[in-house]
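So the structure is just underneath, and the comments pick up after that.
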There are 2 protein chains.
Amino acid sequence: MSNNTIFIEKLRSSGLRPTRQRIEICKLLFDRKDTFHFTINDLNNSLTRITNEKISLATIYNTIHAFKEKGYLKEISINSNKTYFDTNISNHHHFFDEDNKELIDLNDKDVGKVKIKKILPGKKIKSVEILVKVANNN
Amino acid sequence: MSNNTIFIEKLRSSGLRPTRQRIEICKLLFDRKDTFHFTINDLNNSLTRITNEKISLATIYNTIHAFKEKGYLKEISINSNKTYFDTNISNHHHFFDEDNKELIDLNDKDVGKVKIKKILPGKKIKSVEILVKVANNN
DNA sequence: TTCCTAATTTATAATGATTCTAAAGTAGAG
DNA sequence: CTCTACTTTAGAATCATTATAAATTAGGAA
Ligand SMILES: [Mn+2]
Ligand SMILES: [Mn+2]
Ligand SMILES: [Zn+2]
Ligand SMILES: [Zn+2]
């Protein structure tokens, strides 16, 4: 209950009305100790499992896009038919486990400092992402 | 003509029959000085422009997948609804220009050596890709 | 509280890249 | 030349995502 107040405030302060659906999604995404990675499908499944009243898939897409827009989520660059999102919005990199299609965080200490020495005139760097693809040995 | 011989040999030696379609695609992809990046749609457009007899879209997909399988092409990890391919199969990284949705090579000298210090037991690193997203200043 | 309006949700259709299917065509060994 | 496995092909199917447009709701004003 009182926990929701934080999310309601967060939503309000972003110009987003605190609807039942958005609060439900906030709780699922942000009311936990550790950050995590998910696809829309993952999220939909979790929501179905956890909440009683159904949230439309369109609303899930809308909400996630709004949250990404506001900077509460990051979209991870990966070659997949599905889009991956991250509740860890800090600058960091990833392993992608090709066996179970899972992202795993690589924090800055796990990666030597990356220095981009080439510049493109008139262009500004928006992000630098490292993706390390891994798979089972054999 | 005699140029095709190289591609015919290349295809044969990979266990791929040198069909008219595959040779046409080889010429378009590999008969040039510089490597480049493309999507299936780009390739289809180029083929339509250059060749007289039409190549089915299904064949283009089949061929590109076969070429990737044989290691003649790389697929670039990028978050897009389209898949990007690269005729530069060496280890290198990319800028992605979000304004015109274009990939630009970053060779090893342009990027300080990347060292991954974390290991995942039982997992083998398949690739390390850096994607630097850029966009117009203003 | 009640009204009003814009924001939001929702079911459903549309989109578009990619993959599948199964029939027709072809390469090339013998 | 014949035969068969490989290849091409048109078209259908798939599936994540986006668009649509009608119903619902949040929240400020009266
Ligand atoms: Mn992709
Ligand atoms: Mn993607
Ligand atoms: Zn992450
Ligand atoms: Zn490249």
Side-chain angles (χ1 to χ4, degrees), chain A residues 4-5 7-26 28 37-48 51-70 72-73 75-85 101 103, chain B residues 4-5 7-26 28 37-48 51-70 72-73 75-85 101 103:
Chain A
N4 288 2
T5 316
F7 295 133
I8 291 173
E9 204 31 59
K10 180 175 186 159
L11 289 167
R12 281 236 175 77
S13 71
S14 322
L16 297 172
R17 287 188 181 169
T19 62
R20 174 181 69 77
Q21 294 86 342
R22 284 172 176 163
I23 293 169
E24 215 59 61
I25 293 173
C26 272
L28 206 155
H37 309 98
F38 65 94
T39 64
I40 294 287
N41 192 254
D42 295 336
L43 182 54
N44 190 26
N45 291 341
S46 299
L47 285 168
T48 306
T51 73
N52 281 3
E53 26 239 307
K54 165 199 168 87
I55 298 179
S56 165
L57 190 56
T59 298
I60 299 176
Y61 274 100
N62 291 341
T63 301
I64 293 307
H65 284 149
F67 286 3
K68 184 195 158 195
E69 203 69 22
K70 297 300 180 184
Y72 301 146
L73 290 174
E75 194 176 332
I76 306 301
S77 277
I78 188 180
N79 210 311
S80 164
N81 53 329
K82 294 186 177 65
T83 301
Y84 283 73
F85 294 94
K101 275 85 180 78
L103 285 167
Chain B
N4 289 3
T5 315
F7 296 132
I8 291 174
E9 203 31 59
K10 180 174 185 159
L11 290 166
R12 280 235 176 76
S13 72
S14 321
L16 298 171
R17 287 187 181 170
T19 63
R20 174 180 69 76
Q21 293 85 344
R22 284 172 177 165
I23 293 168
E24 215 60 61
I25 293 174
C26 272
L28 207 155
H37 310 97
F38 65 94
T39 65
I40 295 286
N41 191 253
D42 295 336
L43 182 55
N44 189 26
N45 290 341
S46 300
L47 285 168
T48 306
T51 73
N52 282 3
E53 26 239 307
K54 165 198 170 92
I55 298 179
S56 165
L57 191 56
T59 298
I60 299 176
Y61 274 100
N62 290 342
T63 301
I64 293 308
H65 284 148
F67 285 4
K68 184 195 159 196
E69 202 70 21
K70 296 300 179 183
Y72 302 147
L73 289 173
E75 194 175 331
I76 306 302
S77 276
I78 186 180
N79 210 312
S80 165
N81 54 328
K82 293 185 179 66
T83 301
Y84 283 73
F85 295 94
K101 275 85 179 77
L103 285 167

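What you see is a predicted model, and the numbers here were worked out from it, not measured in a lab. Heavy-atom basis, side chains included; hydrogens, waters and symmetry copies ignored. Letters A, B, ... are given to chains in the order of the sequence lines, protein chains preceding strands, and every chain is numbered from 1.
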Identify whether any heavy atom of B:Thr59 sits under 4.0 Å from a base atom; if not, whether one sits that close to sugar-phosphate; answer base, sugar-phosphate or nothing. base

Can A:Lys68 be said to sit on top of A:Phe85's aromatic six-ring, NZ or CZ under 6.0 Å from centre and within 45° of the ring axis? no

For residues A:Leu28 and A:Ser46, report the shortest heavy-atom separation together with the two atoms involved. CD1-CB, 3.6 Å

Could you give the CD-to-P distance, from B:Glu75 to C:dA17, as a whole number of Å? 16 Å

For B:Leu11 and B:Pro18, the nearest pair of non-hydrogen atoms, with its separation, is CD1-CA, 3.7 Å

I want to check one thing: is the phosphate of C:dA7, taken as OP1 and OP2, less than 4.0 Å away from some side-chain N or O of A:Arg22? no

B:Ile55 side-chain proximity, nearest of C:dT8, C:dT10, D:dT9: D:dT9

note: A:Lys82, atom NZ; D:dT17, atom P; distance rounded to Å ~ 8 Å

Just how far, in rounded Å, is P of D:dA16 from CG of A:Asn62? 18 Å

Result for 5'-nearest mapping on DNA chain D, choosing between A:Phe85 and B:Arg17, is B:Arg17

So, for A:Lys101 and A:Tyr84, which heavy atoms are closest and what is the spacing to 0.1 Å? O-OH, 3.0 Å

Rounded to the Å, how far apart are A:Glu24 CD and C:dT9 P? 12 Å

Mind calculating the distance between CG (A:Leu57) and C1' (C:dA14) to the nearest angstrom? 15 Å

Checking all strands, does A:Asn41 fall into the base, sugar-phosphate, or nothing category for heavy-atom contacts under 4.0 angstrom? nothing

Taking atom P of D:dT7 as reference, at what distance in whole Å does atom CD1 of B:Ile25 sit? 13 Å

With a cut-off of less than 4.0 Å, is there a side-chain N or O of B:Ser56 near OP1 or OP2 of D:dT8? no

Please tell me if B:Arg20 has a side-chain N or O lying less than 4.0 Å from either OP1 or OP2 of D:dT9. yes

Taking the side chain of A:Ala58 as heavy atoms from C-beta outward, which of C:dT10, C:dT18, C:dG28 is closest to it? C:dT10

Between A:Thr19 and C:dT8, does any side-chain N or O lie under 4.0 Å from OP1 or OP2? no

Interatomic distance where OH belongs to A:Tyr61 and P belongs to D:dC15 [whole Å]: 13 Å

What is the separation between atom CG on B:Asn81 and atom P on D:dC15, rounded to the nearest whole Å? 18 Å

If you look at every heavy atom in A:Arg20 and A:Ile55, which pair is closest and at what distance? NH1-CG1, 4.3 Å

Is the distance from OP1 or OP2 of C:dT26 to the nearest side-chain N or O of B:Gln21 less than 4.0 Å? no

Has B:Arg12 got a side-chain N or O lying under 4.0 Å from the OP1 or OP2 atom of C:dG28? yes

Please say which of B:Thr48, B:Thr63, B:Ile64 ends up in a side chain to side chain contact (heavy atoms under 4.5 Å, CB included) with B:Leu43. B:Ile64

Does B:Thr83 have a side-chain nitrogen or oxygen under 4.0 Å from the phosphate oxygens OP1 or OP2 of C:dA17? no

Looking at D:dT17, I'd like to know if its phosphate oxygens (OP1 or OP2) sit under 4.0 Å from a side-chain N or O belonging to A:His65. no

